[in-house]
Structure formats: C-alpha cells, structure tokens
Amino acid sequence: MEVAEKLSWVEVCSIDDVPKNAGACVEVSGKQIAVYNFEHRKEWYATDNECPHKKQMALSRGMIGDAAGEPKVACPFHKKTFSLKNGACLSGEEYKIATYPIKVENGRVFIAVS
Amino acid sequence: MERKSIVVVGNGMVGYKFCEKLIAKAGKGTFELTVFGEEPRPAYDRVHLSSYFTGTSVDDLLMAPASWYPENDISLIVSDPVISIDRQAKTITSHKGIQKKYDYLILATGSSAFVPQVKGVEKDGIFVYRTIEDLDMMIAYAGKSKKGVVIGGGLLGLEAAKALLDLGLETHVVEFAPRLMPRQLDEAGALALKTKLESLGIQIHLNKSTSSFEGAESVNALLFADGSVLETDMVVISAGIRPRDEVASKAGIEIGKRGGIIVNDRLQTSDPSIFAIGECALYQEMIYGLVAPGYEMADVVVNTLMGGAKMFAPFDMSTKLKLIGVDVASFGDCFIAEPACKTLVLEDRNKGIYKRLNISNDGKTLLGGILVGEAENYNMLHQMVKNSMVLPPDPEDLLLPPRKGKSESAGGGLDGLPDEALVCSCEGVSKGAICSAVIEQDATDLAKIKACTKAGTGCGGCVPMVKDLITSALKAQGKVVKTVLCEHFPYSRQELLDLIKVNGLKTYDEILTKHGKGDGCEVCKPAVASMLASTFNEMILQPQHESLQDSNDRFLANIQKGGSYSVVPRIAGGEITPEKLIVIGQVAQKYNLYTKITGGQRIDMFGARVDQLPDIWEELVNAGFESGHAYAKSLRTVKSCVGSTWCRFGVQDSVGFAIEVENRYKGLRAPHKLKSAVSGCVRECAEAQSKDFGIIATEKGWNLYVCGNGGAKPQHALLLASDVDKETCLKYIDRFLMFYIKTSDPLTRTATWLNKLDGGLEYLKDVVVNDCLGIGEQLEREMDFMVETYQCEWKTVVENPELRKRFTHFVNSPKPDPTLEFKEERGQKFPKDWLVEVKK
C-alpha cells in the first residue's frame, strides 16, 4: 500500500490476543476496529468492526476466508462478505467498509488510523 | 453537435428502468438526461414494498443507490414534481421553479391510489398504500391501533392486508365485488383463496359497499350500504389506481375518457416528442398496472430514440404472486369457458388448492388457466400457452403438483420449450439467451446469469425455471452437475466426510491442504467443523477448531439483534424442579436478561453481553444446568407431554423417555439442527409428528416417526417403525441419525434430506430397520462413541481461564461494547430496533 502522508501507528494488542484465522475487536481512539490474524496467508488485516448493512458491531466475530483468492470476512448477522484488502462488498451489494494499515512488530500489533 | 436533451418526469420503477436501458444502449453522456421525481428518494421497488414491514430497509428497496445517477451522468432532482409543460417552447417547469428544455419528454408519472369520494374519507386513520411515506404513516398509526380494515380485495388490497397482519393488527378486507381478485380469479378460485386467507386470520367481507366512515376526528367504524357496521381503528384504501395524467392534460395532450395518457405503438402521445410509459399510459384503451409491461414500454421508447423500429404490442398479463404466503397465478385466457374451450378443474378443499386449465376444443393446446394454493407448474404452463406447445396425451397430469422426490419446478418439459420462449418477462430474456449465457459466457449459476442477462432480477418469479435451465444447459453440454461444498472443495459433503474418515484427518488445515484449495470460507469452514464434531467429537473451541465455528458456535450463544447474546440452558424433556426454575429467575434478574418460554419447552434468556456469558454460565453450571446447544446445528430439545405419570389418557411414561432420549443425543452435531418429541398417547400433545424424529406411545410400545419439519415448509413425519420397545426405538434412532449425518448435504433438515433420498422412506426403512446395507451395527457404535465423548461445552469454558479470556468485546480494553442499546417494553428489556418500529 502506498501512503503519501506519514502514518502514525498505534499499538493495539498482542498477536496472541487474536485467534489464528479469525478476528478480534480493538478500540482505537473511540473507534471499533476489527483485526484479523489471517494465519493461513501469513497476513494481518484491519477493517471497521461495523457491518454497514444493519450497522452491527460484528465483523470481528465473522469468519474469514477467500473468494477467488480475494481475502474476505463474512458478517455473522446476514453473511454479507467484504474484501479485507479494500473493503468492497463481495456479495453483490453497494456497501463498503474502511480498511486500515496494520503491521506486526515483536509480537505486538499496530494500526494506523488517520 | 449539441447533445439532445431528454427529460424524464417521474422516478418510479418504470422511469428508472428507462434510464437504465438508455444508458445500457446509448452509453452514458450520449443524451443530456434529467429526471424529476416527486418523492424524496430515488426510485425504489414498489413490487416488494410489503417487505418494508418485515424489516427490509429503504436502501435495500432502492432500484439503484443515489450515487448511480451521477455516475451515469444523469441529473436526478428529487422532491420536485414537474407541474407544467410548455409544448411550444419545449420546456417544463418544476414545482420549485426549475425550467428545463427538452428535445424528448418521457412521462413516467405512474398512478395514484384511487380514493372513492365516500363521506368521512378525510378523517384521521385513513390511509392509502402507495409510497414509503404512506407506509411510515401507517406504521406510526398502527402503534395505537388493534384492528385495521383494507378496502379493496384486489392484488394491492391483499398486499396491504399482509402489511396490517405484519403490523400485528386484527385484519379485515372489504370488497365491493362478490369475490376476491375479480380480475384474476374465477368464482371457485376466489373461494379457495378466501378460505385460505381466513385460515390465516384475515376476515373477509364481500359484496360490501362503503357508504361512510364514522367517528369524530378519527375513523372508528365503516358504515355499509346494506346498513351493517364494521368497527375499526384504521383503514387502508386500496380500491384501484388512477393514472397520473394531470400535467399532460393541462398541456393539452390527449387523454382517455376515463383517464390515462393516450399513446400509440411507439408510446408516443398526441405530441410526437412526448412519450408516456408505465401506469400513466393508456394503450389501446388499457392501463397496464404490472411492472413487466412498463419495462417493455421503456424498452420500446429507448429503441425508438436510438432509431429502432420496435413496437409495443398488447402485453401478456399472466402473473404469479405469493399473496400472504398463498400462491396465486392466472395466465393466458383464464376466463374463457365452455363451449369455447374445454375446462379441466382440480379442487382440493382439504389442502386449499384450486386449479383450472382451459384447453382448446381439439385438446391440443392450452389456452389459459388459474392456480390457487399451489402454483409450482406456473412457469411451464405459462410457456405452453405462450408458445402454443402441444399438450401431453393426458393433460390432467398437469393439474397435479410435482411428486415428491422429483424436481419441484418445471422439470422435463423444459426441453420442449422453444429457444425464443420468454422466460423472464420483466427483463425480456428468452430461454435461448439464458442457455447461450450458460454455454458461451460460462454463467453457470444464478448470480452469474443475473449479472449477464438480468433474468430473474425483476419480480423473481422465473427464478426456479432459470435455475432448471442452467442445470439442463450444463447437462446438455455433458458437464457434470455436481453439488460441491464451495469453491474450495470439489466434493460433496458426503464425499468429503468419507475422505476425512478414511484418512483420519482431524483438523481443517490438514483437510484443506490435502483435498481443497485457497483459504476456505464461511460455507466450508462450519460444514467441516460439523463433520469433525460428528466424527471425533473434540471440544469445538480447541485452538485448531475455534476459527471454523460460525459466530454462534464460537461464543456458544446465539447472537441477537444489536449484538447481544442469548443464554439457553438444557431442560431435558421440559421437566424442571422449582429450585432450578428459581435459579433461572435469579440469574435473569441479576444480569437483567429478557426471559421467554420457548416452543421447545425451555427458557431463553436474552440480552447478555459477550463478556457476561462465562459468569452467567458459571452460575448456571454450578446449579446443575448444562448447555442447551441452542447455538449449534445439533439436537435442540425433546419436547414431551406428561404421559402416563399424570395424564388420565397416557399409556406410557413419555416424559421419562423424552429425558432419556434428550440426554442420549444432546450435543450431537449434525448437518442441521435436530428437534424431537415424545407423546404419551395417540392424542399427540407433544406434536412429535412435526419433528425430525418423534415418538408416540402405543399400548404395546412406541411408534417412531422420522423426517418431520415445522418451519417455512411444514411436513409431517413418516412412520418408520411401530410398536417397538424402548431399546429397539433407540437403536433405530441411532442408525437413522448417523445415516443422516453421513449422507446429507450441509444445512439440510431431515425432511428435505428424505425428499431427495433415492428410494425415499422405503429405502430408509431398508437401511435402518432391515439393515440392507449391513452398516447397522457400525452406525450404532459410532453413536455410542458420540454419547461417551459428550461434554458440556459451557462447563469446559467456565473451568478454563484461557477459554474464558476469549469472551470479551475488545481485546485491548475491558469495556463492553458501547453501542449496545436497549429499550423497555412490557416490563422487560429489548434491543433497539435496527430499522422501522414494527409492532408485533
């Protein structure tokens, strides 16, 4: 990801706080963010925790996987799926969620929120 | 060259469809396109308006999001109706004073509800059913009403009645004619519909002409011409539609005697640069009140503007609807009668089914018909009329519903359908277009077909036929049509389960590496989790299984609206001591939980925060409760009646047996949930014949029924064995359940599984009772293993600090979710609504 401005990273949790191949919710300056430990791809992702469909704080409790190679999360409420890379809705609707830069250093997880 | 300016007056479904078709054919920006809408939001799906009452949001109903218009270079002006047309200057003026020049003007003003001038019609509490604003007003008013009356027993009136029913009101329908839906149904068909609707709690009053609305400020009763009175708290008028022709009329455009803007074959009005489409247009003395002909009109105008020669023709008004859950269809010439034709009629008052087919006097072709109560053959019958297909030698077979075990929709007759047959009339898609999309564009599932051809995206009525066409086109190509789990596993559930067992694979990762590809998804993960659980029965929250579980399983509780969870302890057979009842009451009080008795004879506690779950369960476990597995695809409850212990009719101890059965199969994970019941005598108070497996006491022992289902499509359970003793009964249930677990597709209840099972009940009997496959003992051993390895998942969590740590909303803060909000109703707490306030 190319980011022009300098990111300010916030430490949010330890890698052990997020189950492998699943998500967990963290609070960053009053905002709920879902953090995913995508062990199977050796990748980490961060998105909004809120599913835009019914405005439920639930995406961190959704199952993750891929659709034709695109990493995704499925909302536990009505199984709307979203790309973990760009937040686009993959189940054919107009919703979109925000994604956030994330990195892991020394067993700690960091997120950049503008 | 300057772009031509097109102004569309009206942003309803047809006005929107015109824009969509124009952009698709001409490309965006070719014309300067301006749309004026009277309502405050972009066009929405009026056909499915009643789903607004059951929770569909406005956004879900929109034909396209507001952003679609600017993205396609269309200026959309909402809340601003056009009020005048200057035909000389070729300009229009809007209510807010916007003037706009046009080269072509498209009138898509639609219709308004026809409100008869009855005395008192201006009173409060009288509504029409047309726009989302109408609906919002109805919803607000329904909050203080108990009873509602719909005037009009036609299609829209019955839709409105459904809305009142959904709002929780006692619902009445008043119709002027001697029967319901007089335009679509004959007398016998209307009677079948009336009987069916009455059984659903709607009261129907025919031959009633309203002479006044009574009440001071607000309506409180209807007075009829025959002197009778019907009291009510609110009224919805749905007595027909009026074409919106006032702007056209003011501009001197020719209008029909009874309203409607007169148009020619190209939908041109008396002014050739002005077109009218949809419900405001009068074509050959006819207003078309359905969406499909409106879309066709839009298509003709787009074609004309692009220089094409397409003409509009009298439109087939055949239609199939689901009205309040009852199928109603009429097609072709439905009213033609003897001697002009021969009529075949099937009337099944027991099931509430009426079917009429009109066939030509030479017996060769179908002319039209009516279907009430069961209309699965509609698409095929409709095609037979439209394409003048030759009838089979015994046309009476067409009256019977598709038999169990066979394809439920059109079936074999598809091959006889010509390529030009119109399958989706909303979007005008033919059989040939669908089949070639399957073959040439690799559109091998419904979603892809919708994207490629738009078939099935309108009213959705053709979807079963489209699915069958996809399957038959694939088969014709020699492609194997196979149900696979998902894109990650090229196997059916049964095949994958065999591979898991043969290779002893105990984790998802191993299975995915060996037999799948990619990273998995929300379909295959829980399916595999279920297979592993019903084979090895390891605790589902062990680290290697945790991420496979559906959200409910992952937190061992059902996620509810708003994000809180429910708590459901097991109460086997519905038997509970006063001491345990008190514990439930105390726990619910302490944690402020909403409590409700369930249909499965136990008690649900709602509104727990995820971080409270382990504490709540700790108290319940300490009092001797176990998980009720309400969150799992597994055995839920075994319901019972009191049986011979208390009941003067009971012949066996049904409660005792129910507890034994529930404790044997508790925690057993299966492709779908399992429900059971035991009745103490033939009176069947436990309703065992509606369960996945049900037991009824006889003088000599027990009768075992299997594969029943309540839910959306109720099905009675079928007798598998009679007068057997307890041990034999349990043996058969062991075999039955394990056989189902081994062979079913994912998320398939036992009823559906049996319907698809080759050989049906007879074969199942052969396997379970006669042991024709010789696997009886093996199935019993596998069940014994499941019973021996059972553990209460909540007890395990409560005693394990590592597992308990997972039950928190934030991993970086002990705070609960600040967005959880509750309100109070009837002395208990409820989650905040996520959409409209719907009174239940």
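The model shown is predicted, which means the values in this text are computed figures rather than measured ones.
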Interatomic distance, CG@A/D16 vs CD@B/E802, rounded to 0.5 Å, equals 9.0 Å
Quiz prompt | B/N812 vs A/E11, side chain to side chain donor-acceptor pair (under 3.5 Å): CA-CA, chis, key distance, verdict | solution = CA-CA 10 Å; B/N812 63 344; A/E11 179 178 336; over 6 Å; no
Whatever's closer than 4.5 Å to a heavy atom in chain A on B/V610 counts as side chain
> Hey, is the main chain of A/D66 close enough, under 3.5 Å, to the side chain of B/H488 for a donor-acceptor pair?
Replying inline: yes
From the list B/A451, B/C486, B/G563, B/G520, the residue making the most non-hydrogen contacts under 4.5 Å with chain A is B/G520
Q. Quick check: does any side chain N or O of B/E487 sit under 3.5 Å from a backbone N or O of A/A68, one acting as donor and the other as acceptor?
A. yes
Bottom line for A/S14: the part with an atom under 4.5 Å from chain B's heavy atoms is neither
When every non-hydrogen atom of B/K525 is compared with those of A/N21, the smallest separation belongs to NZ-O, 4.1 Å
Highest number of heavy-atom pairs under 4.5 Å with chain B among A/C13, A/P71, A/A67, A/S60 belongs to A/A67
Bottom line for A/K20: the part with an atom under 4.5 Å from chain B's heavy atoms is backbone
Note: vs chain A, highest number of non-hydrogen pairs under 4.5 angstrom among B/P818, B/S67, B/G518, B/C524 is B/G518
dist A/Q32:CD -> B/D817:CG (nearest 0.5 Å) comes out at 4.5 Å
When the 4.5 angstrom heavy-atom criterion is applied to B/K815 and chain A, the contacting part is side chain
The reported gap from OH in B/Y565 to CZ in A/R61 (rounded to nearest 0.5 angstrom) is 4.0 Å
- Message: How about NZ on B/K829, more than 12 heavy atoms from neighbouring residues, nucleotides or ligands closer than 6.0 Å, or not?
- Response: yes
Listed by number, the residues in residues 543-555 of chain B that come under 4.5 Å of chain A (heavy atom to heavy atom) are B/E546, B/S547, B/L548, B/Q549, B/D550, B/S551, B/R554, B/F555
Counting heavy-atom pairs under 4.5 angstrom with chain B, the leader among A/P76, A/G65, A/C25, A/A22 is A/C25
Partner of B/V811 under side-chain contact (heavy atoms from CB on, under 4.5 Å), picked from A/V109, A/D17, A/V35, is A/D17
Is the side chain of B/E522 donor-acceptor paired with the backbone N or O of A/M63 at a distance under 3.5 Å, no angle test? no
What one should report as the nearest heavy-atom pair of B/D60 and A/Y95 is OD1-OH, 3.1 Å
By residue number, those in residues 36-43 of chain A with heavy atoms under 4.5 Å from heavy atoms of chain B are A/F38, A/H40, A/R41
Applying a strict 4.5 Å limit to non-hydrogen atoms, the region of A/E94 in contact with chain B is side chain
Interface check, chain B: of A/E27, A/K55, A/E50, most non-hydrogen pairs under 4.5 Å belong to A/E27
Here the gap from B/D519 atom CG to A/I64 atom CD1, rounded to the nearest 0.5 Å, amounts to 8.0 Å
So, the part of B/D59 with a heavy atom under 4.5 Å from chain A: the answer is neither
- Item | Residue B/K805 excluded, over 12 heavy atoms near NZ under 6.0 Å | no
